[in-house]
Participant: 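Take a look at this one; I'll ask things after.
A, B, ... follow the sequence lines: proteins, then strands. Residue 1 opens every chain.
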2 protein chains.
Amino acid sequence: MSATTRSAGPSLRGVGRTLRPTAKVLPEHARAHNRAMVLQHLFHQGPSSRADLARSTGLTRVTVSDLVSVLMSEGLVEELGVRPEGRVGKPATLVGMRTEDFHVVAVDLADDASLRGAVMTLTGAVVARRSASLDGRTGDAAVTVLEDLCRELLAAADARPVVGVGIGSPGVIDSAGVVIAAPNRGWYDLPLAARLTEALGVPVQVANDANTHALGEYTYGGATGSGLMVVTVGQGVGAGIVLDGALVRGRAHAAGEIGHVTVVDDRDVRAGDPEPRPCACGRAGCLETLLSLPALRRATAGRGPEESGAVLASVGRKLGLALAPVVSALNLAEVLLSGPPELLDGPLAEAALATVRARTMPLLGQDLVLRMGSLDEDGALSGAAALVLSGRLGVT
Amino acid sequence: MSATTRSAGPSLRGVGRTLRPTAKVLPEHARAHNRAMVLQHLFHQGPSSRADLARSTGLTRVTVSDLVSVLMSEGLVEELGVRPEGRVGKPATLVGMRTEDFHVVAVDLADDASLRGAVMTLTGAVVARRSASLDGRTGDAAVTVLEDLCRELLAAADARPVVGVGIGSPGVIDSAGVVIAAPNRGWYDLPLAARLTEALGVPVQVANDANTHALGEYTYGGATGSGLMVVTVGQGVGAGIVLDGALVRGRAHAAGEIGHVTVVDDRDVRAGDPEPRPCACGRAGCLETLLSLPALRRATAGRGPEESGAVLASVGRKLGLALAPVVSALNLAEVLLSGPPELLDGPLAEAALATVRARTMPLLGQDLVLRMGSLDEDGALSGAAALVLSGRLGVT
DNA sequence: TCATGTTTGTTAGTAGACCTTCCTTACTAA
DNA sequence: TTAGTAAGGAAGGTCTACTAACAAACATGA
């Protein structure tokens, strides 16, 4: 060996205290993945032949045929006859996902006063609506209201099979559907998904409402999966982030809580900003004190369009200030705004985009898309439905 | 059916233009995953019995025995005799990863003037060092210098098998090791990994230096994988982010480019900040104009400790300003600083942490760890080595 | 009109990966 | 000495996806 210096190097043993979250993978998991891939293609590309599916997935025709026959035996997929176009060779028999013959129950808990629910097809079309009033109930009583609403919706599903129940709720919620903390509902460490699954006899998925929104935009809105952030503006301000097709959860399942980032401080006041407003979180100057619906309505109330525009633009700049570091750090492809277009889709969005562009590397800001989400007022429900599609069928 | 309204729902067909990046999974991929899991445990927990491995991985003893015998036939693992402690039952025969009998070649391209390289064991101990001077060469000439350095290092590996070559380079680099753009080296769309793999006959992995740093802290430094950000301070400022054990790449492979987030603008000047300095990127007031090593040295030159402390604290506040939205959006667990401790590990880090805490939700900021990285001056090399471990053996 | 080539979907056989079950080995404890 | 326990290996079974080969059904061109 040539002249060398052998140093100790970083210590290694004992590092093991940080247990890495690895899980075994069996062939059957591979099978489940491939099965989900077939469904995914049928869902997004529409009816296809088995040979088409084989080409898109990279699997052989034999394997695809096998997967399709299983899916057909479960009723999830059906044959639709031969493809009309005349091409050379044996005509293809199309198979399609029976998106209209299965239902999903979706519930939106974002509102403090009432729960909104719907029965939807797998494509997100609303088949029936129901709602329930909370009347100030919290804790267990609120769970009972939710459970009753779910039963009502399940009954309204018209005897069609229900794939699952999806619930978007405010608060911090882990990936198993345990509500760690939802102060407005009085829920703490509540295993909501498990409890409702038990009570209803149907698989129930629960996630944060901003996260379900992001999932909904990804699944139904056609947003890019590599770097998507959805900012939801309602009573509060939240965000959901999808990277590489998966939701970002965060260390304490609290990813996306950007509503309480400080955007107005003493220095801003010295530079000309109005005094920071106190926030429900106990501090002052949070993004939520400017960007939430109540704040926006208060700020624009009684003002003409021009004056309102200026106010909204100034809020947009604050949003851009908070977004710029996130866009830079993650190299996001899309930032979507979800909320009333009359407030968000104008000077506010324009100012936000301009601010982000001005404060990030050209390479990052240039191709960034900042626009309104493609989902309408049922966005929250679509998100809850997407949660079920993702959790139960592997379709995103 | 009860009274229902059937609305159109979000359009679905045609969304398919956004092709989801799904890939088929075969049983052999499951095998590779499980094999990596066994190595992972041996690497981090040290020698274990086959039965131990079976318990940790969830696989059966039979399967683990099979995997271990394959790994032994490849020489990566060896039997170490029976476990000394006397317990009930047949004594366990320990197997261990031969971390000292394999080498990794690591090269750090962060410096503009010279390339630093080392031969390391799998645990990150330096066995030999070599370096090469660029003398202003760029483009193909720079690649030649790099290739020669790699050959020298491979020759210095003392006939022990080299698992691979890891290279951390500035610039935007995709996951296949193609340098999309590295202006300082004059590299654009250069398939560096493929070219060197071909030339050297050894698998070569190339990634952004901030990303390799993050990987190094995760692998060797024992940082948590669920929400880690490493900010590297050198000629410029970069960052690497590890979420759920995987590097964040971003839409254009440019994730982590936080050096050019604006942190000083006209408003800050009105509030008392000095004029924003022009940045190499063409704009002004970027984080890099304050936090890069040249900037920090310039700002503290000729000042006493107290005055320097104040300057460093003000830079730390700016860093905290940029970090707060990222910490909030991702609910990060750890932010590590990499660079000279005499500049970073004092008022600067303290001010950064205080600023982040003050500007984020208590739940998010409270448990956040902001500290110096655990890797020493060889951190860049360890990161490049970790890149090889990750890419070639699946060990992180 | 008829042979030819193409594409589809199925059948049969093979290799890989993990499992369950059962056995031997080797030790501790009573 | 006997019983109990744990480690490791051998045999056999199931599941998964692959390759190879083939029949069916069409378009095309001589």
Side-chain angles (χ1 to χ4, degrees), chain A residues 22-39 41-42 45 47-74 77-96 394, chain B residues 22-39 41-42 45 47-74 77-96 394:
Chain A
T22 38
K24 66 174 170 180
V25 173
L26 306 181
E28 66 200 78
H29 298 137
R31 176 79 164 185
H33 175 96
N34 292 335
R35 180 195 136 110
M37 206 163 43
V38 167
L39 276 182
H41 275 267
L42 288 178
Q45 323 284 327
S48 321
S49 72
R50 293 169 175 85
D52 290 337
L53 290 169
R55 276 184 291 266
S56 328
T57 58
L59 298 164
T60 60
R61 291 200 308 270
V62 182
T63 304
V64 169
S65 277
D66 194 40
L67 286 167
V68 165
S69 77
V70 170
L71 290 169
M72 274 175 32
S73 77
E74 294 175 20
V77 152
E78 64 188 340
E79 286 203 331
L80 298 170
V82 298
R83 170 181 275 138
E85 311 118 60
R87 284 190 295 181
V88 65
K90 175 178 172 179
T93 49
L94 293 175
V95 295
Chain B
T22 37
K24 65 175 171 180
V25 173
L26 305 182
E28 65 199 78
H29 298 139
R31 176 78 164 185
H33 176 97
N34 291 336
R35 180 194 135 110
M37 206 164 42
V38 168
L39 276 181
H41 276 267
L42 289 178
Q45 323 284 328
S48 322
S49 72
R50 294 170 175 83
D52 290 337
L53 291 168
R55 277 184 290 266
S56 339
T57 58
L59 297 164
T60 60
R61 292 201 307 270
V62 180
T63 303
V64 168
S65 276
D66 194 42
L67 286 167
V68 165
S69 77
V70 170
L71 290 169
M72 274 175 34
S73 78
E74 294 175 19
V77 153
E78 64 188 340
E79 286 202 332
L80 298 169
V82 297
R83 171 181 275 139
E85 311 117 60
R87 285 189 296 181
V88 202
K90 174 177 173 180
T93 50
L94 293 174
V95 296

Participant: Is it the case that D:dG8 (base atoms only) and B:Arg50 (side chain only) share a donor and an acceptor within less than 3.5 Å, ignoring hydrogens and angles?
Facilitator: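 When only heavy-atom distances are counted, B:Arg50 does not reach the base of D:dG8 through any donor-acceptor pair under 3.5 Å.
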
Participant: With respect to the phosphate group of D:dG8, does any side-chain polar atom (N or O) of B:Ser65 fall under 4.0 Å of OP1 or OP2?
Facilitator: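 The answer is no; no side-chain N or O of B:Ser65 sits under 4.0 Å from OP1 or OP2.
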
Participant: With respect to the phosphate group of D:dA17, does any side-chain polar atom (N or O) of A:Arg31 fall under 4.0 Å of OP1 or OP2?
Facilitator: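 Yes.
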
Participant: Round to a whole Å and report the spacing from NZ of B:Lys90 to P of C:dT25.
Facilitator: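 Distance, rounded to whole Å: 9 Å.
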
Participant: Within a strict 4.5 Å, meaning less than it, do heavy atoms of the B:Gln45 and B:Ser56 side chains meet?
Facilitator: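 Result no, sub-4.5 Å side-chain heavy-atom pair not found.
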
Participant: Please determine, by modelled atom types, if B:Thr93 and B:Arg50 share a side-chain donor-acceptor pair under 3.5 angstrom.
Facilitator: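 Their side chains do contain a donor-acceptor pair, which is all the 3.5 Å distance test asks for.
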
Participant: With respect to the phosphate group of D:dA7, does any side-chain polar atom (N or O) of B:Arg55 fall under 4.0 Å of OP1 or OP2?
Facilitator: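 Answer is yes, contact under 4.0 Å.
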
Participant: B:Ser49 has a side chain; which of D:dG8, D:dT5, D:dA25 sits nearest to it?
Facilitator: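 That would be D:dG8.
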
Participant: From CD of B:Glu28 over to C1' of D:dC18, roughly how many Å is that when rounded to an integer?
Facilitator: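 Result: 10 Å.
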
Participant: Output the single nucleotide from D:dA20, C:dT8, C:dT28 whose closest atom is nearest the side chain of A:Val62.
Facilitator: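 The answer is D:dA20, which lies nearest to the side chain.
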
Participant: Could you check how far CG of B:Leu80 sits from P of D:dG8, rounded to whole Å?
Facilitator: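 That distance rounds to 12 Å.
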
Participant: On DNA chain C, check which nucleotide each of A:Lys24 and A:Arg83 is closest to and give me the residue with the more 5' one.
Facilitator: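 Counting from the 5' end, the first nearest nucleotide belongs to A:Arg83.
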
Participant: What does A:Val82 touch in the nucleic acid at a heavy-atom separation under 4.0 angstrom: a base, only the sugar-phosphate, or nothing?
Facilitator: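 Contact class for A:Val82: none.
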
Participant: Using a 4.0 Å heavy-atom cut-off, does A:Asn34 contact any base of the nucleic acid, only the sugar-phosphate backbone, or nothing at all?
Facilitator: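 Contact class for A:Asn34: sugar-phosphate only.
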
Participant: So, A:Thr63 versus A:Asp66: side-chain donor-acceptor pair below 3.5 Å or not?
Facilitator: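 Judged by distance alone, the side chains do not pair up.
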
Participant: Hey, mind stepping through A:Leu53 and A:Leu42 against side-chain contact (heavy atoms from CB on, under 4.5 Å) and telling me if it holds?
Facilitator: CA-CA 8 Å; A:Leu53 290 169; A:Leu42 288 178; 4.0 Å; yes

Participant: What integer distance in Å separates B:Met37:CE from C:dA17:P?
Facilitator: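 It works out to 15 Å between those atoms.
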
Participant: Quick one: A:Leu53 CG to C:dT8 P, roughly how many Å, whole number?
Facilitator: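 Rounded to whole Å, this separation is 11 Å.
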
Participant: In whole angstrom, give the distance that lies between atom CG of B:Asp52 and atom C1' of D:dG8.
Facilitator: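 In whole Å, D:dG8 C1' lies 13 Å from B:Asp52 CG.
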
Participant: What is the distance from atom CG of A:Asn34 to atom NZ of B:Lys24, rounded to the nearest 0.5 Å?
Facilitator: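 Reported to 0.5 Å precision, the distance equals 8.5 Å.
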
Participant: Starting the side chain at C-beta, find the nucleotide from D:dA25, D:dA7, C:dT28 nearest to B:Arg61.
Facilitator: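 The answer is D:dA7, which lies nearest to the side chain.
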
Participant: Say whether, by atom type as modelled, one donor and one acceptor occur between the side chain of A:His33 and the main chain of B:Ala23 under 3.5 angstrom.
Facilitator: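 Yes, A:His33 side chain to B:Ala23 backbone: donor-acceptor pair under 3.5 Å.
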
Participant: What integer distance in Å separates B:Leu26:CG from D:dT16:P?
Facilitator: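 That distance rounds to 13 Å.
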
Participant: Can you tell me which nucleotide in D:dT5, D:dT19, D:dA7 comes closest to the side chain of A:Thr60?
Facilitator: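 Out of D:dT5, D:dT19, D:dA7, the nucleotide with an atom closest to A:Thr60's side chain is D:dT19.
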
Participant: What is the distance, to the nearest angstrom, from the NE2 atom on A:His29 to the P atom on D:dA17?
Facilitator: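 Rounded to the whole Å, the gap is 13 Å.
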
Participant: Are OP1 or OP2 of C:dG9 and a side-chain N or O of A:Thr93 less than 4.0 angstrom apart?
Facilitator: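 True: A:Thr93 side-chain N/O within range (under 4.0 Å) of C:dG9 OP1/OP2.
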
Participant: Name the residue closer to the 5' end of DNA chain D, choosing between B:Ala92 and A:Thr63 according to the nucleotide with the nearest heavy atom.
Facilitator: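 Of the two residues, B:Ala92 wins.
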
